[in-house]
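Just below is one structure, and these are the notes that go with it.
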Amino acid sequence: EADRAWLAAAFDDARARLGADPLLPPALDFLARVLLLDPPPYLADRRGAWLTFVQDWQQATGAVMAKGHEDTALYVHARLLSLNEVGGVPRGVDPPGNLGAFHERNRVRRERWPATLNATGTHDSKRSEDVGARINVLAELPAEWERRLMGWLEGNARHRRQLADGRVAPDVNEQLFLYQTLLGAWPLDGEEEAAFGGRVAAYLRKSLREAKTHSSWLAPDEAYEEAALAFAAALLRDEPGNDFLAELRDFGERIAAFGAWGSLAQVVLKVASPGVPDFYQGSELWDLSLVDPDNRRPVDFDRRRALLAELQRRHRSEDRADLLADLLAGWRDGRVKLYTTWRALAARAADPRLFLDGDYRPLLAEGERCRHLVAFARRHEGRWLLVAVPRWVSGLVGAHQAPVGAAVWAATWVPLPEGAPRRWRDAFTGDEVLAADGERRLAAGTLLAAFPVALLHAG
């Protein structure tokens, strides 16, 4: 029935585009009968051949979808690039406050596919999970993003080139694509800025050819490509008078900070939601890669091993509050993501049946900052898990402030599900969290007192 619904939608869309040719409507009607396995009576004896044709057609749709949608449309549709991922549908963003779809998706996944893969980045991703988390922040700041974008389109128009055929490169849509990419992938380490321009150039050339609007792999328009690459190079030229680069650094710093907290939330949701978490190579620290071959660059695993060993040592030997404060203050180096990943996976390894088989219970936060909190609980044979992570952090704290502490979360609570215990322990802080006497809720300021994400267990 799901196939029938998609086919019906496709045929409705096609009929709206047919034009005035009188031969097309009956041809389309015939094609609909073919693909819905509804042959006319005079062809009933050919049903076997009919079925074989439709099966062959279905096998071809995967390749057509990959090249038409993932490798073409996702390089053209530039409203919010973080939505443009393999398997995604870049139609728009859920309205504010709509956590129902998230919880329903997790509930269905727990019911039907409890061992499915929770992947936030793969070898085939259009951009890494941390780049996507940054670009997501633009959806939280629509007015500011529009103002800056309009200013950039006007201020950088002088860098565009007119070609012999009258076209001006790059077009407005390609600039929208480029600006989101620069904000999403801007290096956190100043030493990496020197190589950034080359990475952007390679990415931009590939994007232009995949989009097939002004160039393509089969018929590359090198004049257009070189004009677009020269535009990008001019934006990143570190020289007096390049006001755009200064603004990119300033705005990019804010976007990077808010995106970092979103990335930590994503790690915890990936580990604790129904399914099996998957981690792409290099994503243990901040990963600001773009599409292949950018995301196939060598990963410094020795550095990651050394950082993890040091975190484990400090976790055992020193005051946990000092360690967490150091990680938050030095968030730019990525250790805070490594720590979050390690502690979340350690909690999962300690009780795999709870994470794999535990039931799923949405928890809707209450109070002043409730719209900024995502929470749920899981239970298996008397053992409990409770997750609380922030969202839309740009409306919660300043760019240089972590979303932690009672002052940030004010009068906000997470209700405890029926039958849940009052006493919990957090995997990140090691602290005990206790519901007040007579209350069936936990204060968000207590859950997130010292770390921006919480993963509690009990029982």
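Computed over heavy atoms, backbone and side chain alike; hydrogens, waters and symmetry mates excluded.
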Are [X] and [Y] ion-paired here, with the side-chain N under 4.0 Å from a carboxylate O?
{"X": "Arg17", "Y": "Asp13", "answer": "yes"}
{"X": "Arg148", "Y": "Glu144", "answer": "yes"}
{"X": "Arg314", "Y": "Asp326", "answer": "yes"}
{"X": "Glu284", "Y": "Lys337", "answer": "no"}
{"X": "Arg304", "Y": "Asp302", "answer": "no"}
{"X": "Arg109", "Y": "Glu104", "answer": "no"}
{"X": "Lys212", "Y": "Asp71", "answer": "no"}

Any side-chain to backbone donor/acceptor pair from [X] onto [Y]? Under 3.5 Å, distance only.
{"X": "Asn242", "Y": "Leu235", "value": "yes"}
{"X": "Ser283", "Y": "Tyr280", "value": "yes"}
{"X": "Arg383", "Y": "Arg379", "value": "no"}
{"X": "Arg369", "Y": "Val408", "value": "yes"}
{"X": "Thr61", "Y": "Gln58", "value": "yes"}
{"X": "Asp333", "Y": "Arg335", "value": "yes"}
{"X": "Arg423", "Y": "Leu434", "value": "no"}
{"X": "Arg378", "Y": "Phe355", "value": "yes"}
{"X": "Arg127", "Y": "Gly132", "value": "no"}
{"X": "Trp392", "Y": "Val137", "value": "no"}

About how many Å separate [atom2] of [Y] and [atom1] of [X], when rounded to the nearest 0.5 Å?
{"X": "Leu447", "Y": "Arg441", "atom1": "CG", "atom2": "CZ", "result": "12.5 Å"}
{"X": "Asn84", "Y": "Ser125", "atom1": "CG", "atom2": "OG", "result": "12.5 Å"}
{"X": "Asp130", "Y": "Gln266", "atom1": "CG", "atom2": "CD", "result": "7.5 Å"}
{"X": "Gln401", "Y": "Leu328", "atom1": "CD", "atom2": "CG", "result": "11.0 Å"}
{"X": "Leu138", "Y": "Ser394", "atom1": "CG", "atom2": "OG", "result": "9.5 Å"}
{"X": "Leu456", "Y": "Asp426", "atom1": "CG", "atom2": "CG", "result": "5.0 Å"}

Look at the aromatic rings of [X] and [Y] and report parallel, tilted or perpendicular, splitting at 30° and 60°.
{"X": "Phe177", "Y": "Tyr203", "result": "parallel"}
{"X": "Phe251", "Y": "Trp152", "result": "perpendicular"}
{"X": "Tyr360", "Y": "Phe376", "result": "tilted"}

Crowding at CZ, Arg296 (>12 non-hydrogen neighbours, <6.0 Å):
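Yes, CZ of Arg296 has more than 12 neighbouring heavy atoms, counting only those of other groups under 6.0 Å.
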Please check if the number of heavy atoms outside Glu318 that lie under 6.0 Å from its CD is greater than 12.
yes
Apply salt bridge (charged side-chain N to carboxylate O under 4.0 Å, His left out) to Asp351 and Arg353, showing your working.
CA-CA 6 Å; Asp351 196 343; Arg353 303 320 304 181; over 6 Å; no
Apply the side chain to side chain contact (heavy atoms under 4.5 Å, CB included) test between [X] and each candidate in [options]; give the one that qualifies.
{"X": "Pro403", "options": "Val393, Leu373, Leu264", "answer": "Val393"}
{"X": "Ser128", "options": "Val291, Asp287, Asn295, Thr120", "answer": "Asp287"}
{"X": "Leu285", "options": "Asp300, Thr341, Leu307", "answer": "Leu307"}

Taking it one step at a time, do Lys126 and Glu210 satisfy salt bridge (charged side-chain N to carboxylate O under 4.0 Å, His left out)?
CA-CA 12 Å; Lys126 301 303 179 191; Glu210 296 284 21; 5.9 Å; no
Heavy-atom closest contact ([X] atom, [Y] atom, distance):
{"X": "Ala435", "Y": "Leu416", "answer": "CB-CD1, 4.0 Å"}
{"X": "Pro390", "Y": "Pro452", "answer": "CD-O, 2.9 Å"}
{"X": "Arg391", "Y": "Arg371", "answer": "NE-O, 2.8 Å"}
{"X": "Trp384", "Y": "Pro417", "answer": "CZ3-CG, 3.4 Å"}
{"X": "Arg134", "Y": "Ile255", "answer": "O-CG2, 3.4 Å"}

Under the side chain to side chain contact (heavy atoms under 4.5 Å, CB included) criterion, do Leu176 and Gln180 qualify, and how do the steps go?
CA-CA 6 Å; Leu176 177 58; Gln180 291 181 70; 3.5 Å; yes
Stepwise, does the side chain to side chain contact (heavy atoms under 4.5 Å, CB included) test hold for Leu442 with Trp424?
CA-CA 10 Å; Leu442 299 172; Trp424 303 76; 4.1 Å; yes
Please assess Leu363 against His103 for the test side chain to side chain contact (heavy atoms under 4.5 Å, CB included), listing each intermediate value before the final yes or no.
CA-CA 9 Å; Leu363 301 176; His103 289 307; over 6 Å; no
The test is salt bridge (charged side-chain N to carboxylate O under 4.0 Å, His left out); show your working for Asp278 and Lys270 and say whether it passes.
CA-CA 8 Å; Asp278 179 74; Lys270 175 170 68 172; over 6 Å; no
Can you check side-chain hydrogen bond (donor to acceptor under 3.5 Å, both in side chains) on His214 and Asp171, steps first, answer last?
CA-CA 9 Å; His214 297 289; Asp171 66 23; 3.0 Å; yes
Going by side-chain hydrogen bond (donor to acceptor under 3.5 Å, both in side chains), Ser289 matches just one of Glu129, Arg297, Arg199, Gln281. Which one?
Arg297
Please evaluate residues Val86 and Thr122 with respect to the criterion side chain to side chain contact (heavy atoms under 4.5 Å, CB included), reporting the C-alpha separation (whole Å), side-chain torsions for both, the decisive distance (0.1 Å), and the verdict.
CA-CA 10 Å; Val86 177; Thr122 72; over 6 Å; no
What I'd like to find out is whether the side chain of Leu396 reaches to under 4.5 Å of the side chain of Phe258, using heavy atoms alone.
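No, too far: nothing below the 4.5 Å cut-off.
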Under the criterion ring pair (Phe, Tyr, Trp, His ring centres under 6.0 Å), I'd like the reasoning laid out for His372 against Trp409: C-alpha separation, chi angles, the key distance, then a yes or no.
CA-CA 9 Å; His372 293 282; Trp409 289 103; 7.1 Å; no
Stepwise, does the salt bridge (charged side-chain N to carboxylate O under 4.0 Å, His left out) test hold for Asp431 with Arg320?
CA-CA 9 Å; Asp431 294 338; Arg320 195 76 53 82; over 6 Å; no
Whether the Trp413 and Glu439 side chains hold a donor-acceptor pair (N or O, under 3.5 Å, no angle test) is what I'd like checked.
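Note: Trp413 and Glu439 side chains miss the donor-acceptor criterion.
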